[in-house]
Amino acid sequence: MPIRPGNLVVLTRDGCDLSANELMAIWTVKDVRDDSAMGEMQLNHQTIEELPMLNTRRYSLDWLVLYKTKTR
């Protein structure tokens with residue numbers, strides 16, 4: 001399934017040089033262009049308490065996987 005605006009994603013990539021906070025954050029996809037996506041961190045989606053707020057960032061699509069929320 002392709003990553004689209006509105007999807008929740010997390011970063012996963014062996015050897016990527018990103019901060020622990022970026023790797024723990026759940027990102028909301030705002031825009032997809034070619035081989036990258038713009039992600040925005042929204043506090044209401046985070047599962048880690050007291051995770052610092054991060055600015056909007058652009059990441060390679062190869063580094064992103066869909067975050068599946070629990071459905072009841």
Side-chain angles (χ1 to χ4, degrees):
M1 177 173 172
I3 292 175
R4 298 180 183 169
N7 287 151
L8 296 179
V9 296
V10 292
L11 290 159
T12 179
R13 178 74 177 161
D14 292 334
C16 67
D17 188 20
L18 300 171
S19 72
N21 289 337
E22 286 177 274
L23 295 170
M24 290 187 288
I26 300 167
W27 299 90
T28 302
V29 175
K30 292 299 179 182
D31 174 60
V32 177
R33 271 191 264 153
D34 301 320
D35 61 350
S36 67
M38 180 75 67
E40 178 179 86
M41 183 182 173
Q42 296 173 336
L43 291 178
N44 61 322
H45 292 302
Q46 304 313 306
T47 59
I48 308 279
E49 290 186 27
E50 299 184 29
L51 187 64
M53 188 66 178
L54 300 170
N55 294 326
T56 301
R57 313 257 166 107
R58 184 165 288 281
Y59 296 110
S60 169
L61 290 174
D62 292 340
W63 291 7
L64 302 175
V65 292
L66 292 173
Y67 178 79
K68 295 186 181 185
T69 57
K70 291 184 180 180
T71 55
R72 295 177 191 229

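Bear in mind that the values here come from a model prediction, so they are computed numbers and not experimental data. Starting from 1, each residue takes its place in the sequence as its number.
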note = Note: Arg58 and Ser36 closest approach over all heavy atoms is NH1-OG, 3.0 Å
remark   = Arg4 meets the salt bridge (charged side-chain N to carboxylate O under 4.0 Å, His left out) criterion, sequence neighbours left out, with none
query = Same hydrophobic cluster for Trp27 and Tyr67, using side-chain heavy-atom links shorter than 4.5 Å among ILVMFWY?
reply = no
task = Measure the CE-CZ distance between Met38 and Arg33 for me, rounded to the nearest 0.5 Å.
result = 6.0 Å
message = Checking Leu18 now: which residues fulfil side-chain contact (heavy atoms from CB on, under 4.5 Å) with it, not counting sequence neighbours?
response = Leu11, Cys16, Glu22, Leu23, Tyr59, Trp63
ask   = Is any side-chain heavy atom of Asn21 less than 4.5 Å from a side-chain heavy atom of Leu51?
value = yes
task = Mind checking the CD-CE spacing from Glu40 to Met53? Nearest 0.5 Å is all I need.
result = 6.5 Å
inquiry  = Side-chain heavy atoms nearer than 4.5 Å, only ILVMFWY residues, links allowed to pass through others: does that put Met24 and Leu54 together?
reply    = yes
query = Are Ile26 and Leu43 grouped together when hydrophobic residues (ILVMFWY) are joined by side-chain heavy atoms under 4.5 angstrom apart?
reply = no
key: Set of residues satisfying side-chain contact (heavy atoms from CB on, under 4.5 Å) with respect to Val29, sequence neighbours excluded   = Ile3, Asn7, Val9, Val32, Ala37
key: Main-chain N/O of Ala25 paired to Gln46 side chain as donor or acceptor, under 3.5 Å   = no
message = Do Leu8 and His45 make a side-chain contact, defined as non-hydrogen atoms from C-beta onward lying under 4.5 Å apart?
response = yes
